[in-house]
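When a ligand or atom number is given, it counts from 1 through the structure's own listing order.
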Amino acid sequence: MNVAHLIDEFKELLEKENKQANLFQLKSQFLGKKGKLSTFSDQLKSAAPEERKELGKSINELKGKLENLFNERLEKLVEEEILQQLQKKKIDYSYRKKNKIPDSEMPGTHVVSEVQREIESIFSRMGFMILDGPHVEDEFHNFEALNIPANHPARDMQDTFWFGDKKHLLRTHTSTVQVRGMKMQEPPFRFVGPGKVFRCERTDASHEMVFHQLEGMMVDKDLSVANLIYFMKVLLKEIFQREVEVRLRPGYFPFVEPGFELDMKCLLCSGTGCSFCKQVGWVEVLPCGMVHPEVLRQGGIDPEIYKGLAFGLGLDRLVMLRYGINDVRLIHSGDLRFLRQFGQ
Ligand code: DAH
């Protein structure tokens with residue numbers, strides 16, 4: 001038997017093939033039940049007992065070598081296939097010029113993404129990390145770790161899209177990044193987690209099933225509501241490019257204690273009352289609060305030593321406030337006439 005020859009032959013044939021199916025066919029020609037290797041195995045049967053051990057070993061080695069050759073070639077081929085696919089998908093940057101497509105016809109960044117990036121950059125300048133979290137979540141991160149155990153009435157506050165296993169869900173808020181963020185690092189730290197959230201709700205002018213939030217969290221030794229107010233004022237000032245007045249009203253959320261609703265003085269009427277603020281003079285901007293000790297504990301942080309503050313900014317709402325949009329459904333309608341108004 002000529003082992004070296006068999007290996008070379010296999011190698012050569014593998015190289016020639018450039019389809020996965022053909023590779024597998026080759027594999028069975030060499031390594032299959034009736035393949036070339038089996039003739040060596042047949043020799044084993046007729047071999048003298050004292051030779052069997054050695055012969056068996058070398059056949060196994062040969063088999064291993066052939067398998068390795070096959071696996072290497074397959075891996076390379078898969079890689080080549082992926083590269084080819086990517087080549088096909090290559091973006092032709094000259095397309096626009098060649099086809100004389102005007103700026104107004106160009107696709108651009110969505111207004112919510114635009115505002116999200118702007119806010120991320122404001123927070124990063126204030127030393128906040130930007131974290132991401134999965135859309136498909138488990139009950140623990142969406143509820144339990146946030147002090148919302150099963151049967152807690154607060155679960156009904158957020159109509160949830162559950163998966164069939166009743167354990168996974170589409171996250172109903174970005175507060176899910178709180179526990180992940182706390183476990184990732186040692187305090188003191190501060191981060192924001194922007195992204196899509198999902199609620200199984202009837203839609204109307206101010207409710208959508210998919211919308212965007214930006215969660216913020218800060219953990220340090222001496223934190224108080226004053227820090228919260230400061231960060232929110234800086235944020236709103238940067239967004240609206242002018243000084244804003246804010247106030248806190250008590251609000252209930254199981255993961256903060258105390259919890260608040262933060263309002264901003266209406267920028268349209270400066271607080272005298274108009275149709276935009278429904279004659280109240282104030283506009284609700286975001287819920288926030290001091291992180292509940294139980295939530296800190298779930299994140300591995302000792303509430304005796306550290307304090308936390310958290311807030312949940314509704315990005316779509318902010319876009320609406322900034323551009324005076326009166327129906328949230330417009331934002332995700334995909335209506336280009338609407339989107340182009342933002343210059344994107
Ligand atoms: N996760 C809450 C929601 O979507 C919003 C929220 C409230 C976030 C208070 C917070 C907070 O961080 O402190 O309804």
Fill in: Electrostatic pair Arg171-Glu215, nearest N-O below 4.0 angstrom
no
Worksheet item: Would you call Arg199 a ligand 1 contact, heavy-atom distance under 4.0 Å?
Response: yes
Worksheet item: Among all protein non-hydrogen atoms, which one is nearest to atom 14 (O) of ligand 1, and what is the separation to 0.1 Å?
Response: Gln158 NE2, 3.4 Å
Practice prompt. Mind checking whether Ser175 contacts ligand 1 via backbone (N, CA, C, O), side chain (CB onward), both or neither, at a 4.0 Å heavy-atom cut-off?
Written response: side chain
Worksheet item: Is ligand 1 under 4.0 Å from a heavy atom in the side chain of Met217, in the backbone, in both, or in neither?
Response: neither
Item to complete: Taking only heavy atoms of Glu215 into account, list the atoms of ligand 1 that are under 4.0 Å away from them.
Response: 8 (C), 10 (C), 12 (O)
Discussion item. Quick test of your reading of the model: are Asp165 and Lys167 salt-bridged, counting only N-O distances below 4.0 Å?
Written reply: no
Discussion item. When you compare ligand 1 with Phe311, is there at least one nitrogen or oxygen pair between them that comes in under 3.5 angstrom?
Written reply: yes
Fill in: Verdict with reasoning, Glu17 to Gln25, per side chain to side chain donor-acceptor pair (under 3.5 Å)
CA-CA 10 Å; Glu17 294 301 347; Gln25 231 167 31; over 6 Å; no
Practice prompt. Could you list all the ring-ring contact (aromatic ring centres under 6.0 Å, His included) pairs where at least one residue sits in residues 138-186, not counting sequence neighbours?
Written response: His173-Phe255
Worksheet item: Which atoms of ligand 1 have any heavy atom of Gln178 under 4.0 Å away?
Response: 12 (O)
Worksheet item: Can you find a side-chain donor-acceptor pair between Ser121 and Arg125 that sits under 3.5 Å?
Response: yes
Worksheet item: Does a side-chain N-to-carboxylate-O contact under 4.0 Å join Glu114 and Arg322?
Response: no
Worksheet item: In ligand 1, which numbered atoms sit nearer than 4.0 Å to a non-hydrogen atom of Gln213?
Response: 3 (C), 4 (O)
Worksheet item: What atoms of ligand 1 come closer than 4.0 angstrom to any heavy atom of Gly312?
Response: 8 (C), 10 (C), 12 (O)
Worksheet item: For Asn18, what residues pass the side-chain hydrogen bond (donor to acceptor under 3.5 Å, both in side chains) criterion, not counting sequence neighbours?
Response: none
Practice prompt. Check whether any N or O atom of Ala310, backbone or side chain, sits under 3.5 Å from an N or O atom of ligand 1, and answer yes or no.
Written response: yes
Discussion item. So Leu74 and Phe24, do their side chains get closer than 4.5 Å, heavy atoms only?
Written reply: yes
Practice prompt. Number the atoms of ligand 1 from 1 as they appear, then name those within less than 4.0 Å of a heavy atom of Pro287, with their elements.
Written response: 5 (C), 6 (C), 7 (C), 9 (C), 11 (C)
Practice prompt. Determine whether the side chain, the backbone, both or neither of Phe255 has a heavy atom under 4.0 Å from any heavy atom of ligand 1.
Written response: side chain
Worksheet item: Of all the heavy atoms in Gly289, does at least one lie under 4.0 Å from an atom in ligand 1?
Response: yes
Worksheet entry | Asp8 with Lys11: basic N within carboxylate O range, under 4.0 Å | no
Practice prompt. Below 4.0 angstrom from a heavy atom of Val256, which ligand 1 atoms are there? Numbered from 1 as shown, please.
Written response: 13 (O)
